[in-house]
Amino acid sequence: MKLDKLIGDRFKERPSDCQIDSHALMVRGGYIKYVANGIFSNFPPLKRVTRKIEQIIREEMDAIDGQEVMFPVVMPASLWEESGRYTSIGSEMVRFTDRNRQPLVLGMTHEEAAVQLVREYANTYTKYPFMIYQIQTKFRDEARPRGGLIRVREFTMKDAYSFHTSQEDLEEYYKRAHKAYENVYRRCGAKNVISVKSDSGMMGGSVSHEFMLLTPIGEDSIAICKHCGYTANVEAAPSIIKNVRDEVSEPLAEVNTPNCHTIEEVCNFLKAPKEKSLKAVIYQKNTDDSFVVVFIRGDLDINETKLTNYLGCDIHPAVIDENCGLQAGFIGPVNLKVNGEHVVLFDESLKDTNNLVCGANKVDYHLTGLDLDRDCPNIEYHDFAKAIDGGICPECGEHALTISRGIEVGNIFQLGTKYTKSMGMTFLDKDGKEQTPIMGCYGIGVGRLAASVCEASHDEYGPIWPMAIAPWQVHLCAVRSDDEKVKATADKLYEDLQASGVEVIYDDRNVRAGVMFSDADLLGVPLRVIISPRNLDEGIYELKSRDKTLEEKLDPQNAVARLKELISSMIAK
């Protein structure tokens, strides 16, 4: 490929609307073009990157007996009504009707389509186990697209679905899939990817893992134990708090706290540490707007995923007015009165506490000396808090948790019978008895993985692509292409590299060297060969690696062989 024919422009200035580096570099380097919010077109360099990622994924899925299929983009609503998700999924799923007024949906995930494809075929135990997968464009009407390809509405994804006759068989296959995912990230050059326990969310199932690429710009928080290696998404990580009661419980007392609404203001006014306070966090259920009052230790935050899982419905921050009976900033558990339907919950961080500061349910007043065992007997405690830095690890019990940031680059779920049972898929076992098959689900976002690799491997000048997924393997620069000897030599090397199967992008434009090298940095090709009058006078070609770890003089007679040797070793590495 000659660079002067490559579609897409490269430019120096960072776009003002790009918040993270990978987004900016992909716009500057001619990888993507904005179409609509969360929707991008891919220029040839990115298409070449994602095609290689897809091939690695195919090879790893085929290696664990996967069979590639293709599901429809548009599905009848009746399929999703069978599973129950047509109504349970919110506005992120696009619903519409065709000209015959038949309700349809755009595929955002394909569990229903997978069951529909095989439920007649897999009617006997002899057909099991098996796994089917596809690589296809999906649409999810994401509320807050961000970061270029990191969080989008339209995306290409590999999703796979396995079917089993027993939980034991699923668990065994789940291990194979987990290993295959590790292979995918290793082969794609995705550094610092770890597997973490996660919340299954709308997918369902009891066991799930996310694969997270650790980076400060990540949208997810991950709890990692420095002592035993435990990892979990903060949404799924237990919050373990061990309190020590004061020997003497003080009497409950009402204290005037004028203009103190936040827990920080109250604790500063009363000179009390935040861990000796109780705060109220108020939500409303999306289903009926009834109130949910959650009491938690003052220094901790609510994990809304845990709360929604407990309630079985989505929630939103409450709108507190004079009609609800709540006094914003002064809410406490003693003599609490809420008008209308409501739920009152207590977080486990309040166990074994006394002498707490809390709201008095009266404007400008708080209580001191709260002892929940004494003042609010028969409380049930549940885990609603976010895990914290320095928190207790649920595996080893040490105060060794750290909270890091990461980008989710894949996920796997043990779905169980959530979809097969609701959609009436059965098989006959060895004894002729009807059974319900058990499913697993495995997903990787292709564009997000490409962007994540760019985010993890770049410098201020452009991406540093791993050889295995780079758009090209060699970037050939003819500096001073107006020099006949330079042009003829570079043309010959270009032809020889192509004939030997090397993927090469050739820049023979008559432009300044600085412009040429700036464009080469933005394309991020791993190996760069420079042919210039000075190099030819020395009888060599100049070779540099994009990551600046390699620089050598190439013997023109051995240039192609040396480059192929380096390409092979870099892919293997």
Would you call the rings of His23 and Phe40 parallel, tilted or perpendicular, where under 30° means parallel and over 60° means perpendicular?
perpendicular

Lys/Arg N to Asp/Glu carboxylate O, Lys279 vs Asp299, below 4.0 Å
no

Quick test of your reading of the model: are Glu235 and Lys306 salt-bridged, counting only N-O distances below 4.0 Å?
no

Thinking salt bridges, do Asp65 and Arg176 make one under a 4.0 Å N-O criterion?
yes

Let's go through Ile392 and Ile241 carefully: what are the C-alpha distance in whole Å and the side-chain angles of both, what is the deciding distance for side-chain contact (heavy atoms from CB on, under 4.5 Å) to 0.1 Å, and is it a yes or a no?
CA-CA 7 Å; Ile392 298 173; Ile241 302 293; over 6 Å; no

What's the verdict on ring pair (Phe, Tyr, Trp, His ring centres under 6.0 Å) for Tyr283 and Phe291, showing C-alpha distance, side-chain angles and the deciding distance?
CA-CA 6 Å; Tyr283 299 93; Phe291 286 93; over 10 Å; no

Got a salt bridge between Glu112 and Arg85, using NZ or NE/NH1/NH2 to carboxylate O under 4.0 Å?
yes

Determine whether the side chains of Gln116 and Glu82 contain a donor N or O and an acceptor N or O closer than 3.5 Å.
no

So, are Lys285 and Glu341 salt-bridged, with charged N and O less than 4.0 Å apart?
no

Taking the six-membered ring of Phe155 (Phe, Tyr or Trp), confirm whether the NZ or CZ of Arg448 is under 6.0 Å from its centre and within 45° of its axis.
no

Do Ser195 and His178 pair up side chain to side chain, a donor and an acceptor below 3.5 Å, judged on atom types alone?
yes

I'd like to know if the side chain of Glu210 pairs up with that of Ser208 as donor and acceptor (distance under 3.5 Å, no hydrogens or angles considered).
no

Using a 6.0 Å distance limit plus a 45 degree cone around the ring axis, check whether Lys127 lies over the aromatic ring of Tyr121.
yes

